[in-house]
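Notes follow once the structure below has been shown.
One-based numbering, in listed order, for ligands and for the atoms of each.
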Amino acid sequence: FNGRNAEPAKTFIVDLDDPPMQRWQKVVLSAAVDASYYKQGIDKLLKAALSSEALVELVEVIAKDIEKFIPQPFADEIRGISQATGIPLGDVVIANIIYDVSAFGSSGNKACTSIVTADKSGKIYHGRNLDYEDPEFLKNLTIQVDFHQNGKSLFMATTYLGYVGVITGSRHGAFSISGDERDSGEWWQNLIAVAEKSDITFFHERMILEKCTNFKEALTEAMSTPTIAPVYYIIGGIKPKEGAIVVRNAHTLANVTMLGMDQTHPWYLVETNYDPWKAPPASDDRRDAAIHAMNRVGQDEMDAEMLYKVLSVPLVFNKDTTYTTVMSAADSSVYRTMIRWDGPED
Ligand SMILES: CCCCCCCCCCCCCC(=O)NCCO
């Protein structure tokens, strides 16, 4: 460990009633993102996420044609961020499509963990570690966003500055959701899904948070709307049995596992980056490390603090972990993101 402590992520308000071009301007200006640091970081991230130079060039072509590939309001939000910061538009576009162009069968490193659990009273907690390439760069960009509508808070999310999709979020009194990378299929299947007008994966997740008013609606939407990339959506609700892992292929649904279905631990669900019905590879068994830690705590002792501790055990917490979020849709006071500056070094 590198001697630093984890730090709470700062919270910014984004008002969905503002015109899309203006929504993120105050956020990016007050966070004072340095354009050349950002550009270098995105270049590095893209090269690390995409193994082939040809794919990097293809992404750069897509990034130049924003109107064709990025739907509203996201296109204008991205434009507003570029205008406010001076970061070239193509770089902000690349940051926002990097997952959809890199999540397929032969992609490189994996690491990310999401857990939905019920405590002894049936209260649902949802925690996640977001692990990715170039963690130092992403830690510097990690923020919490309080999305407002009609003058009040609609949902909380954790994201990276400049990234307008949502990978982690909780809608008050309704449900929480996180996305874990699923690498399956071939890269050209993601391209076909683009042509078929599937949703950019984490723009879709944000839309679930904006539109769905309860767990059941969120689950139906996650199962039924085609996404460009394969993904695991992990969803928690506000009632004792409300928890699910939705496994998506590019464009189609692959499987759903509900909380309670696994008889060995019916009170929680763990998803890393492997299909729930298959054993994880021995070289990357974060799932069993998390299961072992959950069983050691036990349902009687489970709460937000204990879930954070589970997400901090070795393997689950690793050199690529950028942040840990613990949330509970039933209780709006439980939404906390810690930037994991306390991680193990390379
Ligand atoms: C503005 C900076 C751009 C940041 C792009 C980050 C995209 C993150 C996608 C996260 C995918 C889910 C996390 C996960 O499962 N990671 C394991 C794969 O390494």
Side-chain angles (χ1 to χ4, degrees), residues 24 27-28 31 33-35 37-51 59 63 74 77-78 81-82 85 87-115 128-143 145 157-169 177-184 190 200-206 227-234 245 247-248 270-275 280 284 286-287 290 311 315-325 340:
W24 293 90
V27 180
V28 287
V33 191
D34 178 82
Y37 175 75
Y38 196 89
K39 193 174 167 25
Q40 274 172 25
I42 295 300
D43 281 353
K44 206 167 143 201
L45 209 53
L46 184 65
K47 290 198 175 93
L50 286 182
S51 43
V59 170
F74 304 105
E77 290 184 15
I78 288 171
I81 291 168
S82 165
T85 56
I87 300 165
L89 184 60
D91 292 293
V92 191
V93 173
I94 287 172
N96 278 278
I97 62 172
I98 210 159
Y99 177 79
D100 291 85
V101 294
S102 66
F104 52 85
S106 51
S107 293
N109 281 351
K110 299 179 177 66
C112 240
T113 304
S114 292
I115 300 175
R128 75 108 76 242
N129 280 353
L130 202 150
D131 310 347
Y132 210 64
E133 308 280 353
D134 204 354
E136 166 133 3
F137 172 61
L138 293 178
K139 285 179 210 181
N140 278 316
L141 301 181
T142 302
I143 54 168
V145 180
T158 307
T159 191
Y160 302 116
L161 276 161
Y163 192 80
V164 301
V166 170
I167 310 173
T168 308
I177 182 165
S178 58
D180 282 9
E181 179 158 347
R182 180 171 189 241
D183 293 332
S184 78
N190 297 25
I200 293 177
T201 309
F202 296 120
F203 291 0
H204 174 234
E205 191 180 314
R206 185 176 130 187
T227 47
I228 288 177
V231 68
Y232 300 102
Y233 284 133
I234 302 87
I245 300 170
V247 184
R248 294 203 56 85
V270 173
E271 178 53 54
T272 57
N273 300 98
Y274 303 103
D275 295 341
D284 180 26
R286 285 167 288 120
R287 184 198 292 168
L311 287 162
L315 300 187
V316 176
F317 179 31
N318 56 69
K319 66 176 180 49
D320 289 332
T321 305
T322 61
Y323 68 77
T324 301
T325 300
R340 301 308 302 260

Should you measure from each heavy atom of [X], which atoms of ligand 1 turn up under 4.0 Å away?
{"X": "Y38", "value": "1 (C)"}
{"X": "L138", "value": "2 (C), 4 (C)"}
{"X": "G179", "value": "12 (C)"}
{"X": "E181", "value": "12 (C), 14 (C), 15 (O), 17 (C), 18 (C), 19 (O)"}
{"X": "I167", "value": "8 (C), 9 (C), 10 (C)"}
{"X": "D180", "value": "15 (O)"}
{"X": "I98", "value": "5 (C), 7 (C)"}
{"X": "L161", "value": "1 (C)"}

**Request:** Give, for atom CG of D284 and atom OG1 of T272, the distance between the pair rounded to the nearest 0.5 Å.
**Result:**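 If I round to the nearest 0.5 Å, the distance is 6.5 Å.
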**Message:** Between R206 and E77, does any side-chain N to carboxylate O distance fall below 4.0 Å?
**Reply:**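 Yes.
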**Asked** Taking NZ, NE, NH1 and NH2 as the nitrogens, is one of them in D180 or R182 under 4.0 Å from a carboxylate oxygen of the other?
**Response**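 R182 and D180: not salt-bridged.
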**Prompt:** Does Y232 have a non-hydrogen atom less than 4.0 Å from ligand 1?
**Reply:**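 It does not; every heavy atom stays at 4.0 Å or beyond.
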**Request:** Measure the distances from the heavy atoms of T272 to every atom of ligand 1 and state whether one is below 4.0 angstrom.
**Result:**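 The answer is no, since T272 has no heavy atom less than 4.0 Å from ligand 1.
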**Prompt:** Should the proximity of D131 to ligand 1, defined as any heavy atom under 4.0 Å, be assigned to the side chain, the backbone, both, or neither?
**Reply:**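 The backbone, only.
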**Item:** Sub-6.0 Å ring centroid separation between F137 and Y160
**Value:**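 Centroid separation for F137 and Y160: 6.0 Å or greater.
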**Request:** Indicate whether any N or O donor in one side chain lies under 3.5 Å from an N or O acceptor in the other, for N273 and R286.
**Result:**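 Short answer, yes.
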**Message:** Testing the 3.5 Å rule here: is there a donor-acceptor pair between the side chains of N140 and Y37?
**Reply:**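 Indeed, the side chains of N140 and Y37 share at least one donor-acceptor pair under 3.5 Å.
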**Prompt:** Can a cation-pi geometry be assigned to R340 and F317, taking NZ or CZ under 6.0 Å from the six-membered ring centre and within 45° of the ring axis?
**Reply:**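 Relative to the ring axis of F317, which defines the angle, R340 lies inside both limits.
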**Prompt:** Within the side chain of R128, is there an N or O that forms a donor-acceptor pair under 3.5 Å with the backbone of Y323?
**Reply:**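 Looks like no, no N/O pair under 3.5 Å.
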**Item:** P135, A95, G41, C112: member with heavy atom nearest to atom 13 (C) of ligand 1
**Value:**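 Minimum heavy-atom distance to atom 13 (C) of ligand 1 goes to C112.
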